[in-house]
Amino acid sequence: MVKRISNQETSRLLAEIGEYLEMEGIPFKPRAYEKAAQAVGELDKGVSEIYEAGGLKALEGIPGIGASIAKKIEELLQTGRLKYYDELKKKVPVDLSGLRKIEGLGPKSIKKLYEELGIKTIADLEKAARAGKIAKLEHFGAKSEENILKGLDFLKKATGRLLLGAVLPKARLIEKRLGELKEVERIALAGSLRRRKETIGDLDVLVVSKKPKPVMDFFVSMPEVVHISAHGETKSAVKLESGLDVDLRVVPAESYGAALNYFTGSKDHNVTLREMAMAKGWKLNEYGLFKGNKQIAGKTEEELYAALGMDYIEPEMRENTGEIKAAKKHKLPKLIGYGDLLGDLQIQTDWTDGADSIEAYAQAAIQRRHKYIAITDHTKRLAMTGGLDEKKIRKQWAEIDQVQKKIGPKLKILKGTECDILKDGSLDLDDETLSQLDVVGVAVHSHFDLPREEQTRRIIRAIKNPNVDILFHPTGRLIGKREAYDLDMDAIIKAAKETGAVLEIDAMPDRLDLKDEYIRKCVAAGVKLAIDTDAHSIPHLDFLEYGIAQARRGWAQKSDVVNTRPLEAFLKLLKK
DNA sequence: GCCGTTTTCGGCCCGACTGTTTTCAGTCG
């Protein structure tokens with residue numbers, strides 16, 4: 001019988017083995033374990049499921065896992081233990097994952113601290129540092145000790161990764177300020193932010209300047225900087241009071257494209273590009289693409305990709321999930337653009353839990369050049385929001401008609417709903433009412449913990465209702481707060497294909513539901529998508545950008561998204 | 001330990017910064 005060991009736990013053990021091997025100074029193996037740990041962490045199926053279905057061979061089929069690590073995973077799944085790990089751990093029995101959270105502490109330092117001072121935990125570390133014991137160690141000093149104490153301090157306040165929606169506005173502010181300096185010729189935001197990942201670990205800013213010193217000095221003295229971890233001519237790094245780590249790199253103009261590419265990542269994408277360069281006998285680094293000592297590309301990213309024999313790859317696709325192969329074959333999709341949406345299809349007003357009135361939203365939508373919006377308040381089962389029943393929603397229609405008359409033809413206000421999906425998959429408004437609405441969205445707001453089959457059946461029953469147009473926030477996850485409910489998304493996507501239901505990409509920064517992998521599945525299956533803000537107040541209307549970013553990360557094109565269509569064409573696309 | 005249009009052996013990304021050194025090891029991305 002196979003033990004139920006989670007991917008997360010398996011990944012952690014493999015990563016720790018890598019770190020222990022690093023301590024021993026063993027070359028290459030640490031990378032292999034690190035890669036394997038990452039591979040397991042990114043699997044969309046459980047390792048135990050994979051092993052049960054296909055045995056050792058199936059484990060070896062995972063890229064980054066070979067015969068040796070597959071056997072170790074097998075041992076872990078069968079016995080619940082991993083002898084190799086236990087033996088390594090016996091030599092340096094420390095809380096590795098805890099201590100590694102201190103910036104600047106790597107495996108070698110941790111080993112030394114254990115051997116010299118017996119430090120096993122964060123608490124031991126703090127005690128030793130406060131007692132001044134670390135400064136006295138060989139190869140450590142007063143500065144190292146101070147940095148450890150600072151690191152401990154930050155750890156106590158640490159927030160982990162931040163939401164894209166929280167980081168992007170701050171990043172743009174930094175970009176604007178630095179961009180205004182006369183020494184700055186060009187500036188770009190790189191890193192996972194440029195790839196528009198859902199969460200951001202740290203921010204990379206790239207600058208072209210012939211006089212970097214004043215730029216660096218300005219950067220490290222910005223008011224929100226609480227800690228400076230590096231301050232050099234080409235690289236500086238700071239921590240902001242929000243907990244965000246920001247790196248600033250200065251590069252020469254002729255290396256701008258190569259540096260932008262390098263610091264945008266992803267790491268896997270870059271490594272593959274480097275390997276391609278090497279295969280041609282060239283060298284690729286952050287300064288350019290080189291044939292011997294001669295730079296043959298790198299001033300722009302476009303030039304770089306062209307020199308490597310492929311089409312330009314949008315940052316949102318650079319995850320090494322097939323985009324390089326597609327770019328070589330000139331088969332990349334033309335992604336939906338940031339200006340391609342004509343309307344917003346999920347808005348909560350002050351009729352339920354939204355903050356603003358229908359008219360205020362309408363005016364705000366006109367300012368944002370929307371052509372149409374759908375008003376989609378909650379329904380009666382969500383009593384705490386004052387959800388609408390069949391009678392009350394008809395009153396709302398009257399108000400919509402009134403506002404429509406007042407604002408004229410600049411914006412079409414569609415009558416919609418975010419109708420509750422009840423436990424058995426039936427809906428919270430009668431069919432007579434649903435049939436009169438322009439846009440029927442349905443969503444799960446209760447019974448999140450139903451078994452997978454039942455939850456899946458429930459949602460499929462709901463979208464099979466012929467009045468239903470869109471499934472809102474299909475998986476219900478809240479990033480960093482709540483897991484998605486247990487669902488068979490393949491079955492949902494298949495049902496959506498059959499019924500013509502549209503799946504929503506909810507642009508709310510802590511939802512971004514669907515995630516990229518499911519968007520790609522929808523695109524492949526020909527299931528249409530809607531990108532909506534789920535606005536609960538007027539400022540939320542600006543979140544569409546995050547939804548578009550998510551769609552781009554899922555390789556969606558303009559034609560995959562229903563609300564890129566003009567009103568008439570959009571309404572025709574809906575089921576009825 | 002993994003991997004393969006350099007394919008079953010022999011490579012494995014590599015440069016910047018810091019802190020401790022006095023030429024470099026460790027860490028990071």
Side-chain angles (χ1 to χ4, degrees), chain A residues 14 17-39 59-73 84 99-113 134-148 150-151 190-192 200-206 212 216 220 227-238 245-251 255 258-259 261-290 309 325 328:
Chain A
L14 292 173
I17 289 175
E19 308 245 285
Y20 278 121
L21 294 170
E22 186 96 50
M23 278 182 197
E24 308 292 325
I26 294 166
F28 306 115
K29 283 193 193 185
R31 277 305 81 67
Y33 276 95
E34 186 191 321
K35 261 196 113 93
Q38 201 189 346
L59 292 176
E60 284 180 45
I62 301 167
I65 293 177
S68 176
I69 294 183
K71 273 204 114 56
K72 294 200 170 60
I73 296 176
Y84 187 52
L99 291 168
R100 286 291 275 118
K101 288 185 189 141
I102 306 292
E103 190 192 309
L105 272 197
K108 299 270 170 69
S109 310
I110 289 171
K111 184 179 190 207
K112 192 163 173 84
L113 290 169
I134 292 174
K136 292 187 188 121
L137 289 182
E138 198 188 357
H139 292 286
F140 286 78
K143 203 77 195 218
S144 313
E145 188 170 87
E146 197 186 317
N147 283 338
I148 285 171
K150 270 190 192 159
S192 54
I200 307 297
D202 53 33
L203 173 63
D204 294 286
V205 185
L206 198 67
M216 290 306 197
V220 299
H227 175 63
I228 301 167
S229 43
H231 183 183
E233 285 274 307
T234 65
K235 178 188 166 177
S236 292
V238 300
D245 290 310
V246 189
D247 283 10
L248 178 62
R249 318 271 180 156
V250 175
V251 297
S255 301
N261 184 255
Y262 182 89
F263 292 115
T264 296
S266 68
K267 196 173 163 184
D268 282 350
H269 177 91
N270 289 354
V271 167
T272 306
L273 293 185
R274 265 161 200 259
E275 285 166 0
M276 286 177 63
M278 276 168 49
K280 292 177 192 272
W282 302 338
K283 192 175 93 163
L284 175 63
N285 59 27
E286 60 262 55
Y287 296 107
L289 182 62
F290 296 92
K325 217 179 242 177
K328 276 199 272 191

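Note on naming: letters A, B, ... go to the chains in the order of the sequence lines (proteins, then strands), and numbering restarts at 1 for each one.
- With B:dG26, B:dT18, B:dA16 as the choices, the nucleotide that has an atom nearest any side-chain atom of A:K108 turns out to be B:dG26.
- Among the nucleotides B:dG1, B:dG15, B:dC17, the one closest to the side chain of A:A32 is B:dG1.
- Looking at A:R31 and A:E22, a side-chain N of the basic residue comes within less than 4.0 Å of a carboxylate O on the acidic one, giving a salt bridge.
- The phosphate of B:dC17 has neither OP1 nor OP2 within less than 4.0 Å of any side-chain N or O from A:S236.
- Each of B:dG29, B:dT18, B:dG1 was ranked by its minimum atom distance to the side chain of A:D247; first place goes to B:dG29.
- Side-chain N or O atoms of A:E145 include one that pairs as donor or acceptor with a backbone N or O of A:I134 at under 3.5 Å.
- For the atom pair A:L113 CG and A:I148 CD1, the distance stands at 5.5 Å (nearest 0.5 Å).
- In this structure, A:I148 places its CD1 atom 13 Å from C1' of B:dT27, rounding to the nearest Å.
- For A:E233 and B:dC17, the CD to C1' distance is 12 Å, given to the nearest whole Å.
- Rounded to whole Å, the distance from NE2 on A:H231 to P on B:dA16 is 17 Å.
- Here B:dC28 presents its C1' atom at 11 Å from CG of A:D204, a figure rounded to the nearest Å.
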Within the sub-3.5 Å range, which N or O atoms of nucleotides 9-13 of chain B have a protein N or O partner, and how far apart are they?
unit_1, atom_1, unit_2, atom_2, d
B:dC13, O2, A:R274, NH1, 3.1

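- In this structure, A:A279 and A:A70 both approach DNA chain B, and ranking their closest nucleotides by distance from the 5' end singles out A:A70.
- B:dG26 and B:dT20 have their C1' atoms separated by 11 Å, given to the nearest Å.
- Straight-line distance from the CD atom of A:E286 to the C1' atom of B:dC28: 12 Å, rounded to whole Å.
- Applying the 4.0 Å criterion to OP1 and OP2 of B:dT27, one finds that A:S109 has a side-chain N or O inside that range.
- Heavy-atom neighbours of A:K35 NZ from other residues, nucleotides or ligands within 6.0 Å: at or below the threshold of 12.
- As judged by a 4.0 angstrom heavy-atom cut-off over every strand, A:A142 is placed among residues touching the sugar-phosphate backbone only.
- Taking the side chain of A:K143 as heavy atoms from C-beta on, and the options B:dG29, B:dT20, B:dG1, the nearest nucleotide is B:dT20.
- For A:I69, taking side-chain heavy atoms from C-beta onward, the closest of the listed nucleotides B:dC2, B:dT27, B:dC17 is B:dC2.
- At a threshold of 4.0 angstrom between heavy atoms, the contacts of A:I65 are confined to the sugar-phosphate backbone, with no base atom among them.
- Nucleic acid contact class of A:N270 (heavy atoms, under 4.0 Å, all strands): none.
- As judged by a 4.0 angstrom heavy-atom cut-off over every strand, A:K29 is placed among the base-contacting residues.
- Of the possible donor and acceptor atoms, one in the side chain of A:S266 sits under 3.5 Å from a partner among the backbone N and O of A:H269.
- Nucleotides B:dG15 and B:dG10, compared at atom P, are 25 Å apart to the nearest Å.
- Checking side-chain atoms of A:R100 against main-chain N and O of A:L105 turns up a donor-acceptor pair under 3.5 Å.
- Side-chain atoms of A:K235 lie closest to B:dA16 of the nucleotides B:dC2, B:dT20, B:dA16.
- Backbone-only contact: A:K72 has heavy atoms under 4.0 Å from sugar-phosphate atoms and none from a base.
- The phosphate of B:dG15 has neither OP1 nor OP2 within less than 4.0 Å of any side-chain N or O from A:T234.
- A:E138 comes within 4.0 angstrom of nothing in the nucleic acid, heavy atoms only.
- Rounded to the nearest Å, the gap between the C1' atom of B:dC12 and that of B:dT6 is 13 Å.
- Distance check, rounded to the nearest 0.5 Å: CD1 of A:I110 to CD1 of A:I102 gives 9.0 Å.
- Residue A:G64 is in sugar-phosphate contact alone, with no base atom involved, counting any heavy-atom pair closer than 4.0 Å across all strands shown.
- In this structure, A:E146 does not pair ionically with A:K143, as no charged nitrogen and carboxylate oxygen lie closer than 4.0 Å.
- B:dC28 and B:dC13: their C1' atoms are spaced 13 Å apart (whole Å).
- Sequence order on DNA chain B of the closest nucleotides to A:S144 and A:I110 puts A:S144 first from the 5' end.
- One interatomic measurement links the two molecules: CG of A:L14 to P of B:dC2, which rounds to 10 Å at whole-angstrom precision.
- Note on A:P30: nothing from the nucleic acid sits closer than 4.0 angstrom, heavy atoms only.
- Across all non-hydrogen atoms, the minimal contact from A:M216 to A:G232 is CG-O, 3.2 Å.
- A:F140 has its CZ atom 12 Å from the C1' atom of B:dT27, to the nearest Å.
- Between B:dA16 and B:dG11, the distance separating the two P atoms is 25 Å to the nearest Å.
- Straight-line distance between the C1' atoms of B:dT8 and B:dG4: roughly 9 Å, to the nearest whole Å.
- Rounding to the nearest 0.5 Å places NZ of A:K235 at 7.5 Å from OG of A:S229.
- When both pairing distances are held under 3.5 Å, B:dT8 makes no Watson-Crick or G-U pair with any nucleotide shown.
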